[in-house]
Amino acid sequence: MNASELTGFPKRYNPKEVEAKWQAIWLQPEVYRAVYRFDKEDKTRPIFSIDTPPPFTSGEMHMGHAYWTVINDTIARYKRMRGCNVLLPQGWDGQGLPTELKVQNRWRIPREDRSLFRQKCVEFTHQMIASMKGTMIRMGYRPDWEQFEYKTMDPSYWRNVQETLLTFYE
């Protein structure tokens, strides 16, 4: 009898099979509600909030993104195990010069054609978000995608920022 027969573990680790299984489990709604969901109404557990600057979506995910993603996820999981109500939002910074330069270079769209240029910036940003989010999911990162995923290019985000600044001013 060999070791894999005794333990039930396969002789060779197949990451594509094993990791895909666990990624699917972590994304299930019932696991999300039971383990990851931040509950605004919960007054019994201490709140622990991890607020990070959203990564620029002007390119593929890189080691710097992976580094802070792993650290945030590790801290969030630890705090959940310690009984905290953890708020871990995930934002995406789709505005700014880096995105504009990528779009301008990739599609050779003159900035003077503002409508097409803006459309391509939004399209490019959505492509990069999908790519980065897929990589984060494959890494096992589990922020509160369902409640607190945001994009800096959305009007709802602008409104929240403006309201916060007015509150600070008052």
**Student:** For the CZ atom of Phe38 and the CD atom of Gln147, what is their distance to the nearest 0.5 Å?
**Tutor:**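 With rounding to 0.5 Å, CZ (Phe38) is 8.0 Å from CD (Gln147).
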**Student:** I'd like to know if the side chain of Thr44 pairs up with that of Asp42 as donor and acceptor (distance under 3.5 Å, no hydrogens or angles considered).
**Tutor:**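 Thr44 vs Asp42: donor-acceptor pair found between side chains.
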**Student:** Please walk me through it: do Ser49 and Asp51 pass side chain to side chain donor-acceptor pair (under 3.5 Å)?
**Tutor:** CA-CA 6 Å; Ser49 178; Asp51 190 20; over 6 Å; no
**Student:** Is it the case that over 12 heavy atoms from other parts of the model lie below 6.0 angstrom from the CZ atom of Arg77?
**Tutor:**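 Correct, the count exceeds 12.
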**Student:** Hydrophobic clustering (ILVMFWY, side-chain heavy atoms < 4.5 Å, transitive) - are Tyr67 and Met139 grouped together?
**Tutor:**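 Same cluster.
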**Student:** Between Tyr150 and Pro89, what is the shortest heavy-atom contact and its length?
**Tutor:**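 Here Tyr150 and Pro89 meet closest at CE2-CB, 4.3 Å.
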**Student:** Contact between Asp73 and Arg142 at the side-chain level, heavy atoms closer than 4.5 Å - yes or no?
**Tutor:**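 Yes, side chains in contact.
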**Student:** Hey, could you give me the CD/CG distance between Glu41 and Asn85, rounded to the nearest 0.5 Å?
**Tutor:**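 The CG atom of Asn85 is 10.5 Å from CD of Glu41, to the nearest 0.5 Å.
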**Student:** Apply the test side-chain contact (heavy atoms from CB on, under 4.5 Å) to residues Val103 and Arg106: give CA-CA distance (whole Å), side-chain angles for both, the deciding distance (0.1 Å), then the verdict.
**Tutor:** CA-CA 5 Å; Val103 168; Arg106 181 176 284 189; 5.9 Å; no
**Student:** Of the non-hydrogen atoms in Pro46 and Gly83, which two are nearest, and what is the gap between them?
**Tutor:**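 Scanning both residues, the minimum pair turns out to be CD-O, 4.0 Å.
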**Student:** Going by heavy atoms in the side chains, are Phe48 and Arg80 under 4.5 Å from each other?
**Tutor:**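 They are not in side-chain contact.
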**Student:** Determine whether Val35 and Ile137 fall in the same hydrophobic cluster, where Ile, Leu, Val, Met, Phe, Trp and Tyr are linked whenever their side-chain heavy atoms lie under 4.5 Å apart.
**Tutor:**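 In one cluster: no.
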**Student:** Hey, does the side chain of Thr57 reach the backbone of Asp93 with a donor-acceptor pair shorter than 3.5 angstrom?
**Tutor:**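 Yes.
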**Student:** Looking only at atom types and distance, does a side-chain atom of Asn14 sit under 3.5 Å from a main-chain N or O of Lys16, one as donor and one as acceptor?
**Tutor:**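 Yes: the side chain of Asn14 pairs with the backbone of Lys16.
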**Student:** Just say parallel, tilted or perpendicular for the rings of Trp22 and Trp26, cut-offs at 30° and 60°.
**Tutor:**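 Rings of Trp22 and Trp26: tilted, 30 to 60°.
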**Student:** Could you check whether any side-chain heavy atom of Glu163 comes within less than 4.5 Å of a side-chain heavy atom of Asn160, counting everything from C-beta outward?
**Tutor:**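 Glu163 reaches Asn160 side chain to side chain.
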**Student:** Heavy-atom count around Phe168 CZ within 6.0 Å, excluding the residue itself: above 12?
**Tutor:**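 Count not over threshold, so no.
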**Student:** Taking everything shown except Arg82 itself, do over 12 heavy atoms lie less than 6.0 Å from its CZ?
**Tutor:**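 For Arg82, atom CZ is not crowded (no more than 12 foreign heavy atoms under 6.0 Å).
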**Student:** Closest approach of Pro54 and Gly91, non-hydrogen atoms and distance?
**Tutor:**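 Taking every non-hydrogen atom into account, CB-C, 3.3 Å.
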**Student:** Count the heavy atoms belonging to other residues, nucleotides or ligands that lie under 6.0 Å from CZ of Phe148, then report whether that count exceeds 12.
**Tutor:**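 Yes, enclosed.
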**Student:** Does Val70 belong to the same Ile/Leu/Val/Met/Phe/Trp/Tyr cluster as Ile75, with side-chain heavy atoms less than 4.5 Å apart forming each link?
**Tutor:**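 In one cluster with Val70: Ile75, yes.
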**Student:** Going only through I, L, V, M, F, W and Y residues with side-chain contacts under 4.5 Å, is there a path from Tyr157 to Val122?
**Tutor:**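 Hydrophobic grouping puts Tyr157 apart from Val122.
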**Student:** Look only at the side chain of His65 and the backbone of His62, and say whether a donor-acceptor pair between them is shorter than 3.5 Å.
**Tutor:**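 Pair found, side chain donor or acceptor close to backbone of His62.
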**Student:** Please round to the nearest 0.5 Å and tell me the distance separating atom CD1 of Ile50 and atom SG of Cys84.
**Tutor:**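 Rounded to the nearest 0.5 Å, the CD1-SG separation comes out at 10.0 Å.
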**Student:** Distance from Trp158 atom CH2 to Lys151 atom NZ, nearest 0.5 Å?
**Tutor:**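 Rounded to the nearest 0.5 Å, the CH2-NZ separation comes to 13.0 Å.
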**Student:** Apply side-chain contact (heavy atoms from CB on, under 4.5 Å) to Ile25 and Gln28, showing your working.
**Tutor:** CA-CA 5 Å; Ile25 288 172; Gln28 289 177 353; 4.3 Å; yes
**Student:** Minimum heavy-atom separation for Thr99 and Phe124, please, with both atom names.
**Tutor:**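 Looking at all heavy atoms of both residues, the shortest contact is CG2-CD2, 4.0 Å.
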**Student:** Which value, rounded to the nearest 0.5 Å, describes the distance between Trp145 atom CH2 and Leu88 atom CG?
**Tutor:**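 Going from the CH2 atom of Trp145 to the CG atom of Leu88 covers 9.0 Å.
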**Student:** Does Lys120 make a cation-pi contact with Trp107, if we ask for NZ or CZ under 6.0 Å from the ring centre and within 45° of the axis?
**Tutor:**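 Yes, a cation-pi geometry.
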**Student:** Walk me through whether Glu19 and Arg138 qualify under side-chain contact (heavy atoms from CB on, under 4.5 Å).
**Tutor:** CA-CA 7 Å; Glu19 291 174 12; Arg138 285 190 305 279; over 6 Å; no
**Student:** Measure the CE-CD distance between Met132 and Glu60 for me, rounded to the nearest 0.5 Å.
**Tutor:**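 Nearest 0.5 Å value for the CE-CD distance: 8.5 Å.
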**Student:** Hey, any chance Leu27 and Met136 share a hydrophobic cluster, counting ILVMFWY side chains that come within less than 4.5 Å of each other, even indirectly?
**Tutor:**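 Yes, it is one cluster - the side chains of Leu27 and Met136 are joined through contacts under 4.5 Å.
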**Student:** Mark yes when over 12 heavy atoms from residues, nucleotides or ligands other than Phe56 sit less than 6.0 Å from its CZ; otherwise mark no.
**Tutor:**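 Not buried by this count: 12 neighbours or fewer within 6.0 Å.
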**Student:** Run the numbers on Trp92 and Lys133 for side-chain contact (heavy atoms from CB on, under 4.5 Å), then give the verdict.
**Tutor:** CA-CA 10 Å; Trp92 308 102; Lys133 185 174 180 178; 4.1 Å; yes
**Student:** Side chains of Gln90 and Tyr141: do they bring a donor and an acceptor to under 3.5 Å?
**Tutor:**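 Checked: Gln90/Tyr141 side chains pair up, N/O donor to acceptor below 3.5 Å.
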**Student:** Can you list the steps and then say if Glu17 with Lys21 is a salt bridge (Lys or Arg N to Asp or Glu O under 4.0 Å)?
**Tutor:** CA-CA 6 Å; Glu17 178 184 305; Lys21 169 190 161 190; over 6 Å; no
**Student:** If every non-hydrogen atom of Tyr13 is compared with every non-hydrogen atom of Pro15, which pair is closest and at what distance?
**Tutor:**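 In terms of heavy atoms, the two residues are closest at O-CD, 3.3 Å.
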**Student:** Any idea which heavy atoms bring Thr125 and Met153 closest together, and the distance?
**Tutor:**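 Taking every non-hydrogen atom into account, CG2-SD, 3.7 Å.
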